[in-house]
Amino acid sequence: MSESNIKVTLPDGSVKELPKGSSGMDVALSISEGLARNVLAAEVNGEVWDASRAIDTDAEVKLLTWNDADGKSTYWHSSAHLMAEALEALYPGIKLGIGPAIDAGFYYDIDFGDHDFDTENLDIIEKKMLELAKQKNVYERSEVSKADAIKYFTEKGDEYKLDLIDRLEDGDITFYKQGEFTDLCKGPHIPHTGFIKAAKILNVAGAYWKGDENNKQLTRLYAITFPKAKELKEYLELLEEAKKRDHRKLGKELELFTFSEKVGHGLPLWMPKGAMLKDRLETFLKKVQLKAGYKPVVTPHIGHKDLYVTSGHYEKYGEDSFQPISTPHEGEEFILKPMNCPHHCEIYNSTPKSYKDLPLRLTEFGTVYRYEQSGELHGLTRVRGFTQDDAHIFCMPEQVKDEFLKVIDLVLYVFGALGFDDFTAQISLRDPENTQKYIGTDENWAKAEKAIIEATEEKGLNTVTELGEAAFYGPKLDFMVKDALGRSWQLGTIQVDYNLPERFELEYTGSDNQKHRPVMIHRAPFGSLERFVAVLTEHCGGNFPLWLTPDQIAILPISEKYADYANEVYAKMEDYDIRGFIDHRDEKIGRKIRDAETGKIPYMLIVGEKEAAEGKVSARKHGEGDLGSFTQDEFIKLFKEAASVG
RNA sequence: GCCGACGUAGCUCAGGGGUAGAGCACUUCCUUGGUAAGGAAGAGGCCACGGGUUCAAAUCCCGUCGUUGGCUCCA
């Protein structure tokens, strides 16, 4: 092998020998011209580099295209520079904050200074971006000294960039320049602006410099770009679809829930149909949990302040909670319960426990109240009063793994039944560098963390592990589901807790006749019913699974002459636990069908002269149309098959 | 909590210094109709709330509440 050559190992294991100083682009060219045309950046030994940057040593190289997450984020980060260039051209003298890529697109924080920034004319910026993109300007990387960097931005008068430079080490500062625009940036970037073929500014919002409300508020422009105009169109259609599925909109249209200023914001009111939905979910989970050995308990909505002093929540959250309510004569203070666990600990404590009683799984659909900041409230996903599908498992340390396995099974079953098949599990472990900020013994932590990791492995879960993300009281496992539109939501959670057993002095007598401290596991497959219903609504676009949906059938008499027969059919359906209603309105059948369709009723049973005479129903399925004629029993059979699962 | 936008009939929205409009929903009547909107009439608003400016405020200004896009937060 020649001295001046390097060996490049590709992801498929193949090795290419190339001259020293070859770039990612050269690697691509050595494979195919087509690939080279699509290369956005190169991952060199695990670090994302410009495709043009010279590689001087043997390396593992992965060429990144639009199909790689890192390729996309490089692309979007470069797009942020392009947008900044366009903005600078249109609004001379603006100052720039930061412009990173985000999950979908990118943003740039701008101080428009004296410019009157008008959100009506965003298309002018988009046009300018594409105009500049067409110039195929190369993103040129240059290393600059700290002094030069400071000089450049001092002359430019951009105090935000100076603030950023202030925190950087000399020798570690790079600029990127494309066209007329130079930015402080560590990169990497795509080869040139020509890759950007479609741009859309999605949103304009205020954001404080460095996220600190004491700093000046900048204008944040959220935008997205694509290599093909078609992809932008599809993305915008996805956003449209998301808007249509917004649970706040569907919740109103389908009469699931409402809010009232009089009741108070963040306090959802479940309307009959929404309450039915929520009730079906609860019934479903209660049944599954009973089978899994859970014991339902019921505790009050308030608890004595001392309860939360004991639990430690008063100290930590007291200021940011609904303030205590007091009894009129004694002045005793009670707190709206922000969680169920302290109550459950007291149930545990009410009788002496033996190791033979463990694991003890106490479950409650408890409504809890948390004072969320007013700006945080959002539909049903962030509220001030919500129902947790809560349970606390009290067990011995050596039972943690087994309990995790069981809870994971439960979560998988529940997600499956509701059509969430795409999810990942996040394992949150403690920060190994800083173990003293966590409560509990090293031994127990090690045991629990090992138990979680092994349990997820045994179940074959798709996991990501985050060090330092554990709660101070124990490690946890969170489930993030992807909905039908590809958006991620955090739902279920399983958390180990060493803190509360300590604070409540929970004990059990072991086989050695000694007192021991149990471990507590908090778990909630849905998290909050409110949030879950919101996610489910958006996931299925309001077309809930048949077993869950509030009205499963609508009986539509052709005219009021068949009202009696409609009542007869309804009574029979009720006998078979099929929920629904009869549309007795004085409307034509076309109208009744239309209203049932827009109301997303899964099955419509049309009854008229023919059906009444033959004892049949004419069935119609939502979104599909006429299914034909069935005897009542035939329909019930068809329905029951479709409604299985729950 | 902070910044911006918004708040008009049950819903979706138009209007905009001279005391309110549409469509749908609702009520009544006509119609008894066979697979996505039958017809007519009627009723419905303190234009979020409280101040201010003005001869006159739903409209302009300020404040409050709520909604919303973000920021910060989330046991």
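In what follows, every chain begins at residue 1, and chains take the letters A, B, ... in the order their sequences are listed. The basis for the numbers below is simple: all heavy atoms, side chains too, and nothing from hydrogens, waters or symmetry mates.
- Here A/Ile606 lies in heavy-atom contact (under 4.0 Å) with a base.
- For the pair A/Glu253 CD and B/C13 P, the interatomic distance rounds to 11 Å; values are reported in whole Å.
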Handout entry: Per-nucleotide protein contact string for nucleotides 63-74 of chain B, where B marks a base within reach and S marks sugar-phosphate only (heavy atoms under 4.0 Å, - for neither)
Key = --SSSSSBBBBB
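- At a threshold of 4.5 Å between non-hydrogen side-chain atoms, the residues A/Thr387 and A/Phe365 count as touching.
- Between A/Glu614 and A/Lys610, none of the side-chain N atoms (NZ, or NE/NH1/NH2) sits under 4.0 Å from a carboxylate O, so this pair counts as no salt bridge.
- Look at CD1 on A/Ile593: it is 6 Å from P on B/A36, rounded to the nearest Å.
- Residue A/Asp595 contributes atom CG, which lies 13 Å from atom C1' of B/C26 at whole-angstrom precision.
- In this structure, A/His522 and A/Tyr473 have tilted ring planes: the angle between them lies in the 30° to 60° band.
- Of the two residues contacting RNA chain B, namely A/Met339 and A/Glu611, the nearest-nucleotide position lying further toward the 5' end is that of A/Glu611.
- A/Phe504 and A/Asn349 make their closest contact through O-ND2, 2.9 Å (heavy atoms, listed as atom of the first residue, atom of the second, distance).
- Side-chain contact between A/Met573 and A/Ile636 is present, with heavy atoms from C-beta onward closer than 4.5 Å.
- The listed nucleotides are B/U35, B/A36, B/G33; the one nearest the side chain of A/Ile558 is B/G33.
- With respect to A/Glu403 and A/Arg361, a salt bridge is recorded, a charged nitrogen being found less than 4.0 Å from a carboxylate O.
- A/Gly366 and A/Asn340 make their closest contact through CA-OD1, 3.6 Å (heavy atoms, listed as atom of the first residue, atom of the second, distance).
- Within the 4.5 Å cutoff, no side-chain heavy atoms of A/Arg531 are placed close to those of A/Phe386.
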Fill in the blank from the handout: Given Watson-Crick and G-U pairs under 3.5 Å, RNA chain B in dot-bracket ([ ] crossing, | other strand) is (((((((..((((....[..)))).(((((.......))))).....(((((..]....))))))))))))....
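- In this structure, A/Glu560 atom CD and B/U31 atom P are separated by 11 Å, rounded to whole Å.
- In this structure, the side chains of A/Ile593 and A/Ile606 come closer than 4.5 Å at one or more pairs of heavy atoms.
- Contact annotation for A/Glu609: base contact, defined as any heavy-atom pair under 4.0 Å involving a base atom.
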What protein N or O atoms touch nucleotides 42-46 of chain B N or O atoms at under 3.5 angstrom, if any, and at what distances?
none

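- Among the protein residues, A/Glu255 comes within range of no part of the nucleic acid, since none of its heavy atoms lies under 4.0 Å from any strand.
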Considering only nitrogen or oxygen atoms on both sides, find all protein atoms under 3.5 Å from nucleotides 38-41 of chain B and state each distance.
| residue | atom | partner | partner atom | Å |
| --- | --- | --- | --- | --- |
| B/G38 | OP1 | A/Glu587 | OE1 | 3.4 |
| B/G38 | OP1 | A/Arg591 | NH1 | 3.3 |

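- At a threshold of 4.0 Å, the pair A/Lys278-A/Glu282 counts as salt-bridged, since one of the basic side-chain nitrogens sits closer than that to a carboxylate oxygen.
- For the pair A/Ile439 CD1 and B/A75 P, the computed distance is 16 Å after rounding to whole Å.
- Among the protein residues, A/Ser321 comes within range of the nucleic acid bases, having at least one heavy atom under 4.0 Å from a base atom.
- Take A/Glu346 and apply the salt bridge (Lys or Arg N to Asp or Glu O under 4.0 Å) test, not counting sequence neighbours, and it matches no residue.
- A salt bridge is defined here as a Lys NZ or Arg NE, NH1 or NH2 lying under 4.0 Å from an Asp or Glu carboxylate O, and A/Asp483 with A/Arg245 fails to meet this definition.
- Atom CG of A/Asp564 and atom P of B/U32 are 19 Å apart (whole Å).
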Extract from the structure each pairing of a protein N or O with an N or O of nucleotides 8-12 of chain B at less than 3.5 Å, listing the distance.
| residue | atom | partner | partner atom | Å |
| --- | --- | --- | --- | --- |
| B/U12 | OP1 | A/Lys252 | NZ | 3.3 |

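- No side-chain N or O of A/Tyr498 forms a donor-acceptor pair with one of A/Asn444 less than 3.5 Å apart.
- In this structure the side chain of A/Lys600 reaches within 4.5 angstrom of the side chain of A/Leu250, judged on heavy atoms.
- With B/G34, B/A75, B/G33 as the choices, the nucleotide that has an atom nearest any side-chain atom of A/His313 turns out to be B/A75.
- The residues A/Lys95 and A/Asp158 are annotated as not salt-bridged, no charged nitrogen and carboxylate oxygen being separated by less than 4.0 angstrom.
- The gap from the C1' atom of B/C30 to that of B/G17 amounts to 45 Å, rounded to the nearest Å.
- Proximity of the aromatic rings of A/Tyr369 and A/Phe322 is defined here by a centroid distance below 6.0 angstrom, and this criterion is not met.
- In this pair, A/Phe257 and A/His247 present their aromatic rings tilted. The plane angle is within the 30 to 60° band.
- With the nearest nucleotide of RNA chain B identified for both A/Lys316 and A/Gly608, A/Gly608 has the one nearer the 5' end.
- For A/Lys262 and B/C49, the NZ to P distance is 12 Å, given to the nearest whole Å.
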